[in-house]
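Protein chains get the first letters and strands the later ones, always in sequence-line order, with residue 1 at the start of each.
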Amino acid sequence: MAPIDNDSPVPDAGRHSLLGLLTRGPTQLGLLIILLILWFVFTSVAPGFLSRFNLNSMGRSVAIDVVVGFAQMVVLATGGMNLSVGAIGVCCVMIAGYLMQAAGLPIPVSILLTLAFGGLLGALNGLAIVKTGVNSFIVTLASASLFSGGMLIFTKGVPLNGLPATFGAFGRSGVGPVPSLAIVALLIGALLYILFKHTVLGRQILAVGANARTAEMSGIPVGRITIFVHVLSGVLAGAAALMLTSRLSAAMPAVAGDDWLLPSFLAPVIGGTALAGGMVSVIGTILGALLVATIRSGLLVLQVGNFWLQLFLGVFLLSAILFERYRAKLAIREQTRRA
Amino acid sequence: MKTLLSFAARTQWSGILVGVIAGGIALSFASPAFMTEFNWFVMLRSICVSLLVAFSQMVMLGVGQMNLSVGALGGLVAVVTGGLMDVWGLPAIVAIGIGIVFGGLAGFINGWLTVRTGINGFIVTLATGSAFAGINLGITKAIPFYNLSPAFVAFGNGRFGPFPLLLIVPLLVTVLLVIFFARTVEGRYMLAVGGNAHAAELSGISVARATIMAHVLSGLLAATAGVLAVAQLGSAQPTIGADWVVISFAAPIIGGASLAGGSISILGTLIAVLLVGLIQNAMVLLAVDPYWVTFLLGALILAAVWVNRYRAIRVGED
Amino acid sequence: MALILDRIGKSFPGVRALNNASLSLNGGEIHALMGENGAGKSTLIKIITGVHRPDSGTVTLGGAPLSLSSPRDAIALGISAVHQERNLIPRFSVAENILLEGLPVRNGLVDFRRANDEAREHLRKVGLDVDPATEVRRLSVAQMQMVEIAKALSHQAKVLLLDEPTASITDAETEILFRLVRQLRDQGTAILFVSHKLEEVLSLCDRVTVLRDGETTLCGAPMAGMTRQTLIEAMIGRAERPVIARSGKPQEGTPKIELREVATAAGHGDISFSLYRGEILGLYGLVGAGRTELVRAIIGKDKLKSGMVLIDGKSVRIGSVEEAIKRFRMGYVSEDRKHEGVVLAHPIRSNIAMTVWDRIASTFGLIGAGKERKTAAPLARQLEIRTPNLEKLVGNLSGGNQQKVSLAKWLAADVDILFIDEPTVGIDIKAKAYIHELINGLADKGIAILLISSDMPEMVALADRILVMHDFRIVHEHKNDRKYETASRAIMSAIHAAEPVQTRTAR
Amino acid sequence: SDNKIALVPGGPHPYFAPWEQAAADAAKDFGIAAVEYKVPSEWKLEAQTELLESLAAQGTNGFGVFPGDAVGVNAILSEMKSNSIPSVALGGCAQDPTDVGLCLATDVSQSAYLGTKALIEAMGGKGTIVHLAGLLVDPNTTLRVKAVERAVGETNGAVTLLQTVGDTDSQEQGDQKINALLAAQKDKINGLIATGYISSVVAATALKNLGDKKIKLVGIDDDKIILDGIRDGFVAGTMAQNPYGQAYIGAYALDQMAGGCSVKADAPWIATPQTAHFVDSGTLLISAKNVDSYKDDLKALTKKLQASFKDTYLSCK
Ligand SMILES: Nc1ncnc2c1ncn2[C@@H]1O[C@H](COP(=O)(O)OP(=O)(O)OP(=O)(O)O)[C@@H](O)[C@H]1O
Ligand SMILES: Nc1ncnc2c1ncn2[C@@H]1O[C@H](COP(=O)(O)OP(=O)(O)OP(=O)(O)O)[C@@H](O)[C@H]1O
Ligand SMILES: O[C@@H]1[C@@H](O)[C@@H](O)CO[C@H]1O
Ligand SMILES: [Mg+2]
Ligand SMILES: [Mg+2]
């Protein structure tokens with residue numbers, strides 16, 4: 001496993017056989033294979049699964065999950081965590097609503113200000129972590145409470161539902177069969193991919209995550225990098241918040257928050273991002289979110305469960321990951337055999 | 001006295017202990033109700049479940065792993081225990097016994113899956129957590145079990161002066177855990193695995209065994225917390241455990257545990273739980289505007305941790 | 001009891017680490033296992049200790065076939081090892097680390113008092129004077145190494161495997177170790193000894209097995225009759241060639257860097273010296289003399305208390321390592337490669353290019369794997385880093401090859417001042433010669449080099465001047481004429497003349 | 001009809017248990033092809049939205065929804081409407097402007113107001129009360145807070161509101177906060193008004209454990225613990241809602257709407273702070289007097305409402 005989206009080191013043999021294909025390549029390929037299998041199974045059992053309506057709705061919610069996952073992923077890259085992703089998210093939801101509805105600012109201005117606000121909250125996290133030396137887990141745990149508390153104080157829990165119609169319309173729109181929100185998520189993904197794969201900054205972030213002491217001794221400004229990823233995380237949480245606001249055509253205090261906590265970790269970790277830092281996968285995060293959404297949606301369409309749904313969700317998720325584990329094992333064995 | 005002070009200065013959790021004590025003193029001036037027997041009872045009772053939940057996660061941090069299913073597992077055990085009493089009319093002791101064994105078993109499943117598949121424990125327990133929650137909802141359909149053994153419920157509400165009877169359980173567990181991690185070979189092995197799994201393996205310690213044991217222990221503790229929650233609430237609510245995740249990590253980590261594993265503090269965890277309990281109690285006693293409660297909770301935790309960190313730097317630790 | 005490995009094969013993804021490698025290790029002998037970095041020595045040891053399972057071949061112990069599925073099995077059979085990498089539990093006490101496999105128990109509880117007593121006994125044997133209750137993370141590198149040795153010896157194993165145990169300890173400690181090892185041999189223990197220090201091997205061992213590219217090129221040959229040359233030929237397939245000597249000389253004029261009466265928070269006092277462009281200034285001292293700590297203070301990692309640092313004649317304040325590197329163009333090759341030198345989880349190319357990311361990036365801050373590879377490839381070739389390609393994770397390289405990466409990244413960096421701390425620990429002789437040539441070459445290019453090494457011959461071969469440090473003070477300066485005898489005598493007598501140090505409890 | 005109707009609560013919650021039976025009864029009584037009771041796996045807007053979308057993808061053509069979030073639910077339901085799938089809000093309302101046809105529910109504001117009035121009456125018209133409120137992020141909480149304040153205000157100072165405690169609508173937090181409140185103020189408090197399901201249960205349990213009958217409690221919903229509290233005298237009363245009726249009549253209305261009926265513009269709608277198309281599903285105070293008979297009262301109420309529903313509120317071709 002190389003740090004990012006592995007360009008597979010052993011490219012030759014076995015290229016033409018199916019087994020060869022299956023047993024090469026990184027986790028991301030494995031996830032893709034699982035996804036294809038699941039899609040195939042779900043469609044053949046429940047035709048509603050691939051209906052335009054269902055795909056569209058899945059696409060939109062995955063898009064938000066993906067960006068939420070990104071917001072966590074960039075911090076995980078340095079070996080830290082951001083438990084306040086959801087709190088920043090809900091603050092941004094409300095700020096966006098306020099800017100558009102109460103302050104009546106033009107949509108693009110509101111968007112920029114919202115993202116900047118997310119970045120600002122992230123910067124507070126980063127500064128607190130670097131200046132106090134308290135670990136990111138505790139700082140962001142406390143700041144989550146600070147941020148969402150602050151939001152409650154200002155809004156008194158009252159939602160805003162008079163947003164400009166065009167803003168909500170964007171959340172429902174699409175280009176052909178692809179929801180606009182999914183395109184936004186992919187664009188953000190592309191930028192992050194470039195960041196981590198092709199820029200110095202991205203490399204530095206990963207180096208800090210994999211070994212902060214070595215990074216420092218190599219002249220990398222560990223403190224500044226830490227602050228930067230938190231700002232980025234805040235901006236991404238802000239982006240996810242805007243997407244959510246657009247999708248719901250309203251800003252309300254009950255969204256994001258704690259609801260984002262686990263999903264923010266789930267997608268990156270399934271996708272191959274290391275909790276310990278130093279290794280991220282943008283594509284993996286997208287596939288991870290897709291996997292979870294596919295399983296949920298598939299179970300819903302199959303009408304499995306009702307109250308039991310969560311049980312099946314857990315079981316399916318585990319089986320899918322087991323499958324990938326097994327495939328990865330085969331892949332390593334294959335590479336070893338060829339050595 | 002001097003040595004006591006320097007010991008205190010060196011101990012990881014002394015900063016937050018100072019926070020707890022100072023907070024307690026300030027509060028007793030600010031609100032006459034604080035020092036009443038009944039308030040102490042209420043506060044102590046409220047930390048019983050949290051403490052066990054925190055221990056359940058702390059054990060995992062000890063071996064360098066996480067358990068995201070603590071809440072779901074505890075919740076499942078809660079309704080299983082309640083259901084056994086309500087639907088099958090089993091005596092409390094039997095129901096509790098089965099419930100706790102069930103928790104240990106669920107923990108074993110977590111551990112076994114982590115070890116055998118080599119999948120990150122984070123994902124395994126996230127998935128099993130979902131499964132446990134699903135079983136909980138599936139059997140209850142979100143409707144609580146009410147007909148519990150009266151003696152059991154009485155135990156949940158009984159008190160001895162300011163001390164809730166329930167407190168016996170977490171106190172006993174605290175003592176056992178201190179001995180387990182400080183003085184037993186298995187306990188030391190778990191911490192060794194958390195501190196450096198590779199080195200532990202090379203020293204002939206079975207990492208697999210230690211990991212599974214930690215999961216079982218974590219399951220047992222979460223199960224105990226679930227049972228206690230039922231006793232405390234007087235009914236087996238399917239929502240028990242739903243919001244345990246955050247406190248489960250927060251308390252051990254505020255108390256000095258390292259997320260990287262191998263380093264935990266049982267007393268630190270205890271004090272951290274006390275700190276959070278105290279802050280929450282204060283908010284109600286001082287009739288803080290409800291919209292400010294969340295904000296202040298965050299601010300106070302940050303402040304306490306900051307003080308502790310400042311102390312650590314002064315002592316030259318880390 | 002004889003341990004026999006017959007035609008062992010072992011592959012990792014992309015690498016065949018062992019190929020029909022054989023070894024026969026008898027009780028009552030010290031058997032040397034030699035080979036270049038990446039030849040497969042550690043892999044072989046890991047097979048004997050149950051860490052890895054062989055792909056092919058057989059292992060027998062005392063005639064019975066051995067199939068180990070974990071280190072526990074090996075320990076149970078009386079096989080004990082000091083591995084090349086440190087393997088201690090950082091937050092456990094010295095005593096607990098030593099006795100981890102068999103903690104003394106009373107009434108079901110660990111008996112720490114007895115553990116401390118027992119451990120103290122083991123520590124005494126290896127001559128390490130630390131409190132057994134100290135947490136291991138507070139020890140120095142050398143002390144940790146001695147703890148590991150004490151731990152391995154405490155088992156009274158039938159088979160003892162020592163993978164470069166002397167790489168990071170001094171001569172005095174090495175002597176103690178050898179005395180103990182010989183005692184064990186005389187009691188019938190089978191001992192396998194890995195080292196890149198040829199003189200050591202020649203004087204200590206009874207037989208020798210040599211690996212080259214995972215194959216045995218010499219199998220259990222008696223050491224009597226071996227010479228340095230024959231060993232080298234067996235390892236690298238040809239004779240040793242002399243190191244190309246330096247062409248240049250230190251430049252005169254303003255020193256590149258000068259320290260005036262520097263005192264540090266770590267305890268250094270009155271440190272003054274000048275280092276010129278094109279000069280290699282040696283800093284010699286026994287372990288714990290404070291050399292590493294001095295360099296850390298200079299590069300802004302630790303605090304300076306007083307005194308002045310001048311660069312190019314101008315007084316400067318260096319606030320952070322980043323500033324030292326970016327603004328003052330300094331480089332630091334750490335002695336602790338695992339924690340400060342390399343990023344184990346990242347590929348070779350990123351590790352080497354790390355220091356020059358800023359420079360090889362395009363205007364928008366973009367770099368790609370290709371650019372990194374272009375930077376890294378020539379250095380990897382020059383240092384002969386043994387790897388199928390530059391994508392391999394540094395953590396999967398052999399120890400010596402990791403050390404090469406840790407050095408290579410600073411060779412890439414194009415610095416003005418380079419601090420090199422123990423550059424050739426664990427490096428095979430061929431690569432060591434290359435590294436010496438590289439260091440010479442860097443000096444010839446005008447770089448000012450401060451070289452810390454506990455390897456006296458290395459010091460004498462490279463340094464223009466040698467400062468001797470003892471107990472955080474510079475006690476002597478030796479103008480090096482590159483003659484080993486005179487230099488070593490002068491240096492050692494300077495150290496002995498200085499006050500004896502009382503042992504301090506680590507930082 | 002061959003309509004497929006789905007009844008979707010906000011999440012798993014005991015309040016909705018009667019919906020299951022109501023769904024079955026409605027399908028039988030009105031001859032609807034399918035009336036399904038579908039519960040989102042978690043109490044999250046996201047989970048509810050996904051469930052609604054998935055059901056629509058499979059041909060459900062009428063939704064009775066308890067809005068997981070009064071504002072948040074609008075986006076998906078207006079999309080449903082643009083695909084000609086009608087919806088009604090059941091048990092709680094969607095916030096105007098909305099494409100939800102109508103809201104058949106308890107008026108949260110009115111219920112809290114009436115509950116407080118009942119509490120004040122039980123206290124003899126004077127004293128001090130504390131409001132145990134639900135989740136602060138829930139906009140209904142604000143409505144209830146205002147309603148309680150209004151009822152207190154109407155006493156012209158005879159009753160004072162000592163304190164509002166928020167976020168008591170979850171098991172453990174509720175237990176902790178309510179008990180701490182009692183520890184601090186139990187001698188000063190004469191009455192408690194609980195406006196959340198769990199808040200009510202926890203408050204009833206706490207008073208019973210204390211053995212305190214001086215403090216009057218009026219809660220909401222008819223959990224077994226509360227009903228027992230009423231019987232034992234620890235609880236003065238509780239505001240019953242009519243979940244069965246909501247689901248039963250809701251299914252009926254949806255069947256009609258999916259069959260071409262539309263919501264009348266001029267019907268006797270009640271206007272609430274949330275919506276202009278409100279129909280009261282029936283609220284009544286359960287007290288010691290009617291604790292054993294209130295279910296029949298609710299049934300009668302349901303029958304009556306259903307019988308005239310079509311003519312009163314819908315216009316059909
Ligand atoms: N876990 C692993 N994964 C991949 N390759 C490995 C792994 N362990 C060792 N190797 C490779 O196997 C080969 C032999 O390594 P080994 O560590 O045995 O060498 P060594 O003889 O001990 O060298 P040194 O003198 O540098 O310690 C090297 O090419 C190394 O990169
Ligand atoms: N034998 C010892 N007893 C106690 N403390 C020691 C000992 N050796 C080293 N130390 C501690 O380690 C620190 C010096 O570290 P270090 O060993 O890195 O010095 P050094 O001169 O760089 O030696 P080397 O680089 O050879 O290891 C000192 O702060 C000292 O307190
Ligand atoms: O009383 C309310 C019901 O009206 C419904 O909101 C479900 O939650 C309960 O607390
Ligand atoms: Mg080696
Ligand atoms: Mg040193």
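In this structure, chain D has a heavy atom under 4.5 Å from the side chain of B:Trp244, while its backbone stays farther away. The part of D:Leu210 that comes within reach of chain B is its side chain, from C-beta onward, which places non-hydrogen atoms under 4.5 angstrom from that chain. For chain D, no part of B:Val153 is nearby; none of its heavy atoms comes within less than 4.5 Å. Only the side chain of D:Ser170 comes within less than 4.5 Å of a heavy atom in chain B; its backbone stays farther off. At a 4.5 Å heavy-atom cutoff, the contact between D:Gln171 and chain B is made by backbone and side-chain atoms alike. If you measure heavy-atom distances from D:Val145 to chain B, you find no contacts under 4.5 Å at all. With a 4.5 Å cut-off on non-hydrogen atoms, B:Asn136 does not touch chain D at all. Proximity to chain B (any heavy atom under 4.5 Å) is restricted, for D:Glu20, to the side chain, taken from C-beta onward. Only the side chain of D:Lys186 comes within contact range of chain B, judged by heavy atoms closer than 4.5 Å. With a threshold of 4.5 angstrom between heavy atoms, B:Pro144 approaches chain D through side-chain atoms but not through N, CA, C or O. With a 4.5 angstrom heavy-atom cutoff, B:Asn157 touches chain D only via side-chain atoms. If you measure heavy-atom distances from B:Ser31 to chain D, you find no contacts under 4.5 Å at all. The contact between D:Glu172 and chain B is made entirely by side chain atoms (from C-beta outward), counting heavy-atom distances below 4.5 Å. Interface remark: B:Leu233 contributes backbone and side-chain atoms alike to the contact with chain D (heavy atom separation under 4.5 Å).
Within 6.0 Å of atom NZ in D:Lys44, more than 12 heavy atoms from other residues, nucleotides or ligands are found, so the atom counts as buried in its surroundings. Summarising the local packing, NZ of D:Lys38 is surrounded by more than 12 heavy atoms from other residues, nucleotides or ligands at distances under 6.0 Å.
Each ring-ring contact (aromatic ring centres under 6.0 Å, His included) pair with one or both residues in residues 130-149 of chain B, not counting sequence neighbours, would appear here, but there are none.
Of the options D:Asp175, D:Thr205, D:Asn179, a side-chain hydrogen bond (donor to acceptor under 3.5 Å, both in side chains) to B:Gln232 is made by D:Asp175 and by none of the others.
In terms of heavy-atom proximity, B:Leu137 sits nearest to D:Ser41 at CD1-O, 3.6 Å. Here the shortest heavy-atom pairing between D:Ala183 and B:Ala33 reads O-CB, 4.0 Å. In this structure, D:Ala17 and B:Ile143 approach most closely via the heavy-atom pair CB-CD1, 3.5 Å. Contact between B:Leu285 and D:Ala184 at its shortest, heavy atoms only, is CD2-CB, 3.0 Å. The two atoms that bring D:Ala180 and B:Val42 nearest to each other are N-CG1, 3.4 Å, heavy atoms only. Closest of all the heavy-atom pairs between D:Pro14 and B:Ala142 is CD-O, 3.2 Å.
Taking the side chain as every heavy atom from C-beta outward, D:Gln176 and B:Val284 never approach each other to under 4.5 Å.
In this structure, the separation between CG on D:Leu136 and OG1 on B:Thr294 is 6.5 Å, given to the nearest 0.5 Å.
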After noting the C-alpha distance and the side-chain angles of B:Asn147 and D:Lys224, does the key distance pass the side-chain contact (heavy atoms from CB on, under 4.5 Å) rule?
CA-CA 10 Å; B:Asn147 294 316; D:Lys224 180 168 174 300; 3.6 Å; yes

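Partners of B:Tyr291 according to the ring-ring contact (aromatic ring centres under 6.0 Å, His included) rule, which considers only residues two or more places apart in sequence or in another chain, do not exist here.
Using modelled atom types and a 3.5 Å distance limit, the side chains of B:Asp243 and D:Gln173 yield no donor-acceptor pair.
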